[in-house]
Amino acid sequence: MKAKLLRAGAWAIGAIISAIVLFLFAAWIGSSIPRNRSWTEPAEGIEIMVGDNGIHTEIVMPLVSDVKDWRNTFPSSDLPDGAQPYTHVAVSWGEREVFLNTPTWADLSLSTAVGAALGGDGLLHVAHYVRPAPGSSNRPLRLTRMQYAKLVAAIERQAPRPGDGKPLRGYARYDVFYDAPGTYHLGNTCNQWTSDMMAKAGVKTGLWTPFPGGVMKWIENPSLR
C-alpha cells in the first residue's frame, strides 16, 4: 500500500512538473510568433513606454498630447494626491483579487494565485507619473499619430464611463483601480492585455505573451543602444 502511494505521489509530481514545463515552452513559442510583423518604428511620432516590474507590464503614455488628453478619462481628482505635476499616465489590466490583495508580491497567497489562474474579473490599474525615466524596465517606443490614436481607442474601450462609480484605492498616492471588462485566466493575463493593446495599434508584438519577457523582447532596450 505504501509503495502504491509513493508511486501515485511521484506520478502526480511528475505530471505537475510536465504541465509547468509544457506551459513555459508554449509561452515561449507563442511569444515568438509576431503579430504585425512588417511594422517598424517611425522616425517621428508620439513616444510611449512599456514598463515591466518583473511580473507585470504597463503602457506609459503622455498625459496630454494632440491626440488624447487622458486627464478627461483618468482625472487626477481620483488620486489621493492629485496636485502633483504629472506628465504621464500608465495603464495596465489584471485580475481583481490579485490587484486588490497584493500590495507587494510577497502578499500573494496560493489561493489568490490559483483563483486568478482559473478565472477572475478584470481591473484597470492607472498610475500617474512625473517625467518617468527610460531604461531597461521602462522601454520607450515611438508610434505614428495614427498608431497612437488606435492605441488610445483600444484603451478607451476598457476605461470607465461617467457614472460607473468611484475608483478603488491603489497602492500609493498616485494610482487607483477602475472596474474593467474581461476575464483574467492563464490564457489571458495582464501581459497578454499589454501585447493585445499594442497589436491593435499595429505594433509588432508576440501572439501569446503570458509573461512580461514575451512583451519586452519585442521592444529595444535603451540601455543597450
Per the salt bridge (charged side-chain N to carboxylate O under 4.0 Å, His left out) rule, what does the pair list look like for [range], sequence neighbours excluded?
{"range": "residues 139-150", "value": "E41-R142, D66-R145"}
{"range": "residues 67-93", "value": "K68-E156, D69-R71"}
{"range": "residues 179-194", "value": "R96-D179"}

Exercise for review: Could you please spell out the steps behind the side chain to side chain contact (heavy atoms under 4.5 Å, CB included) verdict for V60 and V50?
Suggested key: CA-CA 6 Å; V60 184; V50 179; over 6 Å; no

Practice item. Report yes if the side chains of L151 and I59 come closer than 4.5 Å at any heavy-atom pair, otherwise no. Key: yes

**Study point:** All side chain to side chain donor-acceptor pair (under 3.5 Å) counterparts of S31, not counting sequence neighbours
**Key:**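 With neighbours one apart ignored, the set is K217.
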
**Study point:** Qualifying residues under side chain to side chain donor-acceptor pair (under 3.5 Å), relative to T40, sequence neighbours excluded
**Key:** none

Which donor-acceptor pairs under 3.5 Å do side chains of residues 198-206 form with protein atoms, sequence neighbours excluded?
{"from": "K204", "atom 1": "NZ", "to": "R37", "atom 2": "O", "distance (Å)": "3.2"}

Review point. Taking only residues two or more places apart in sequence or in another chain, which ones pass ring pair (Phe, Tyr, Trp, His ring centres under 6.0 Å) with H125?
Key: F99, Y171, F177

Point to revise | Any residue meeting ring pair (Phe, Tyr, Trp, His ring centres under 6.0 Å) with Y148, in chain and number order, not counting sequence neighbours | key: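 Y148 satisfies ring pair (Phe, Tyr, Trp, His ring centres under 6.0 Å) with no residue once adjacent residues are dropped.
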
I'd like to check the side chain to side chain contact (heavy atoms under 4.5 Å, CB included) partners of [X]; sequence neighbours left out, ordered by chain and number.
{"X": "W208", "result": "F23, A26, A27, Q192, P210"}
{"X": "S77", "result": "P75"}
{"X": "S137", "result": "none"}
{"X": "A172", "result": "Y174, D175"}

